[in-house]
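Here is the naming used below: chain letters follow the sequence lines, and residue numbers restart at 1 for every chain.
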Amino acid sequence: MRFGLNRIDRVGVVVALIAAYGLVAPFALFRANRIVQGEGRSLFSALPPSLGAILLVLSAIAIVMALLRLPLFLKLLASLVMLAVLAFAIGNAAGFLTPEGNNYARVSPGSGFWLLSAAFALLATDCLARLRPPPWMRIAILTAIIAAIAFVLASGLWDGLSILKEYSSRADTFWLEAGRHVTLALGSLAVAAVVGIPLGILCHRVEPARSAILNLLNIVQTIPSIALFGILIGPLSWVAANVPGAADLGIRGIGMAPAFLALFLYSLLPMVANTVGGLAGVPAEANDAARGVGMTDRQRLTQVELPLAFPVILTGIRIVLVQNIGLATIAALIGGGGFGVFVFQGLGQTAMDLVLLGAVPTVTMAFAAAVILDAIVELVAPANAGSGTGRKEATA
Amino acid sequence: MRVGLSFLIRLAVLLALATFLARPEWFASLLRPLTENGAPPVYVQASLLSLTISHLLMVFAATIASTLVAVGLAILVTRESGREFLPLSRSLVNIGQTFPPVAVLALAVPMLGFGTWPTLIALFLYGLLPIFENTLTGLTTLPGPVMEAARGTGMTGWQRLIKVELPLAFPLILGGIRLSIVISLATATIGSTVAARTLGEVIIAGLQSNNLAFILQGGVVVAALAVLIYDTLVFAERLAAQRTGLNRTA
């Protein structure tokens with residue numbers, strides 16, 4: 001048997017290069033207080049020697065495994081083990097680097113930690129992409145990973161890290177803003193679905209309405225989010241001041257109301273466009289058969305067209321949800337709350353850990369929403385129907 | 001006649017935009033009702049024209065870089081030697097799309113500091129995805145008979161790529177570039193939260209001083225630019241698609 005280049009996995013080469021660089025780059029950053037520049041600490045100065053050695057050896061083994069053409073589940077296992085080891089090590093680095101009784105010093109993950117994590121996350125992603133697990137398995141894997149992260153957070157292992165120090169000093173606001181973020185993202189999605197799906201049906205049935213409505217919604221999408229959020233302040237303050245009872249309902253010029261309305265407006269295009277696309281994709285034979293058995297228009301809509309168009313409509317919901325979770329961060333600029341509060345406060349104070357406190361949950365939520373809804377779309381879609389239908393355009 | 005009308009509307013939008021950028025003070029009386037307590041109706045801290053140019057330069061620079069990298073990557077993963085990277089690159093593109101622009105921007109700041117660079121990087125990263133996805137679709141859905149014929153005439157892999165595959169995929173690549181530019185035009189405004197010189201500056205000044213006129217002029221200029229560029233590229237795509245003779249759209 002020839003031990004040649006063809007035994008080497010090419011993705012593994014990329015993983016190995018990133019991981020090797022990660023091993024020599026600073027593993028953790030130490031700062032005397034929360035806003036000064038950090039000093040990098042290498043693997044062996046950031047960790048107790050024994051732990052540093054273990055991490056080095058395990059990384060070397062995982063890198064070799066990544067390079068060889070081994071069974072994919074074995075590589076997946078190796079990458080997950082490495083991610084767990086890294087999670088443990090960085091928590092340990094915080095305790096090791098922070099001087100006893102010093103409340104100002106901050107320890108955060110350095111580029112070495114991020115590169116190692118990225119390398120093994122890349123390996124895990126590659127294995128999952130090649131293994132193509134069925135939808136329910138993907139949801140199960142996601143749930144397991146989230147549970148593991150929740151467990152680490154609850155165990156207090158990471159409590160010494162800078163981002164969690166930012167969290168502990170504002171735990172109450174964190175959950176308040178989290179609630180607002182979810183309300184904004186999910187609430188506007190719900191309203192957009194209630195309005196958008198009937199509007200899509202209307203567009204499908206009434207030809208002249210279609211281009212007018214879709215063109216209008218397309219133009220709404222081109223308005224930059226920070227401007228749309230701002231523009232809505234005007235009309236809503238007018239409503240709050242002049243419509244009796246509106247102010248009592250919480251409608252105000254600034255705050256959540258304009259943010260909610262802006263997200264709703266951005267959500268309409270994907271909802272309407274995908275409803276139209278889904279209904280247009282219903283095979284003519286299905287409609288003919290439905291008419292043949294004497295169904296009324298309404299029966300045909302609810303019993304034939306909508307069920308067949310459902311996967312495409314669901315794709316629209318997926319696009320809207322992921323987009324809304326990201327866009328809701330902008331709400332903070334007009335006092336609407338959400339995780340953006342921490343991002344923009346952090347940018348203002350040049351406190352990057354505070355930025356991360358806002359950005360990490362946002363990215364995690366968007367990612368989880370995408371995985372879950374992709375899996376659901378695949379579950380409801382009839383076999384071998386492409387899931388790539390519909391528009392995947394993001395708005396900023 | 002309908003084509004003529006929509007063309008005239010766009011021409012009017014373009015003229016109005018150009019006039020506003022060159023002589024914003026002419027529109028002062030129009031914008032004054034939107035301000036309160038005698039606040040200035042037109043942004044004067046910086047010239048709107050120079051902000052627009054800086055905005056567009058940033059978007060174009062980022063898009064050119066994203067196009068080169070995304071098309072290069074898509075070519076790489078569709079060659080025999082790079083096929084191993086195809087599943088991974090597909091997943092990465094999907095994951096990348098879930099990253100909110102604000103998060104990308106905010107996360108770039110620690111590495112690059114405030115100003116133009118984090119915005120350029122965010123625009124570059126965000127612009128990669130649609131171009132990569134479309135180029136990949138273009139290169140993986142080429143009609144079999146055409147590829148057979150190219151092989152049959154003895155073209156090398158390189159010749160097939162340059163003379164057959166890329167020209168046929170061109171309309172789709174252009175579609176990706178269009179999506180990328182429209183997204184970037186809007187994302188660049190958020191760049192002003194990290195002190196990049198874009199039209200977002202005007203909008204943010206409006207948000208901070210509660211001046212609706214500023215918010216509106218910043219927002220409308222960006223939206224008008226986006227609509228005009230979008231339509232121009234749709235037109236270019238149609239021309240390109242007609243030349244390939246294949247009926248595929250993004």
task = Considering only NZ, NE, NH1 and NH2 on the basic side and carboxylate oxygens on the acidic side, decide whether B/E133 and B/R90 come within less than 4.0 Å.
result = no

remark   = Per-residue tally against chain B (heavy atom, under 4.5 Å) across A/V355, A/I231, A/L228 peaks at A/I231

task = Please report the closest heavy-atom contact between B/A188 and B/T198, naming both atoms and the distance.
result = O-OG1, 3.1 Å

key: Over 12 non-hydrogen atoms of neighbours within 6.0 angstrom of CZ in B/F235   = no

request  = Please confirm whether the backbone N or O of B/I173 pairs with a side-chain atom of B/N134, one donor and one acceptor, at under 3.5 Å?
outcome  = no

query = Of the listed residues (A/G358, A/G346, A/A366, A/C127), which shares the most heavy-atom pairs with chain B below a 4.5 Å separation?
reply = A/A366

message = Given 3.5 Å as the limit, does a donor-acceptor pair link the side chain of A/K75 with the main chain of A/G12, or not?
response = no

ask   = When you measure from the side chain of B/R83 to the backbone N and O of B/V77, does any donor-acceptor pair fall under 3.5 Å?
value = no

task = Please identify each residue that fulfils salt bridge (Lys or Arg N to Asp or Glu O under 4.0 Å) with A/R130, with sequence neighbours left out.
result = A/D9, A/D126

Residue pair B/F124 / B/V69, side-chain heavy-atom distance below 4.5 Å = yes

ask   = When you measure from the side chain of B/S54 to the backbone N and O of B/R197, does any donor-acceptor pair fall under 3.5 Å?
value = yes

inquiry  = Going by the rule side-chain contact (heavy atoms from CB on, under 4.5 Å), which residues pair with A/T329 if we only count those two or more places apart in sequence or in a different chain?
reply    = A/H181, A/T362, B/V102

query = Is the side chain of A/R10 donor-acceptor paired with the backbone N or O of B/E84 at a distance under 3.5 Å, no angle test?
reply = no

message = Please identify, among A/R132, A/M352, A/M365, the residue contributing the most non-hydrogen atom pairs under 4.5 Å to chain B.
response = A/M352

key: Which atoms of A/V322 approach chain B - backbone, side chain, both or neither, heavy atom under 4.5 Å   = side chain

Most chain B-contacting option - heavy-atom pairs closer than 4.5 Å, from A/S111, A/G38, A/G326, A/A227 = A/A227

query = Where along residues 199-209 of chain B does a heavy atom come under 4.5 Å of chain A, listed by residue number?
reply = B/G200, B/I203, B/I204, B/L207

key: Between B/V220, B/V227, B/T193, the one whose heavy-atom pairs under 4.5 Å with chain A are most numerous   = B/T193

inquiry  = Does anything in residues 210-217 of chain B reach chain A? List residues with heavy atoms under 4.5 Å apart, or say none.
reply    = B/L212, B/I215, B/L216

remark   = So, the part of A/F339 with a heavy atom under 4.5 Å from chain B: the answer is neither

inquiry  = Please determine whether side-chain contact (heavy atoms from CB on, under 4.5 Å) holds for the pair A/L347 and B/F114, giving the CA-CA distance in whole Å, both sets of side-chain angles, and the decisive distance to 0.1 Å.
reply    = CA-CA 9 Å; A/L347 283 173; B/F114 285 87; 4.1 Å; yes

request  = With a 4.5 Å cut-off on heavy-atom pairs, point out which of A/V360, A/L128, A/L122 contacts chain B the most.
outcome  = A/L122

inquiry  = Looking at A/Y266, is its backbone amide N or carbonyl O close enough to the side chain of A/Q221 to form a donor-acceptor pair, meaning the two atoms are under 3.5 Å apart?
reply    = yes

ask   = With a 4.0 Å cut-off, would you call A/D353 and A/R31 a salt bridge?
value = yes

key: Region of B/S81 that comes under 4.5 Å of a non-hydrogen atom in chain A   = both

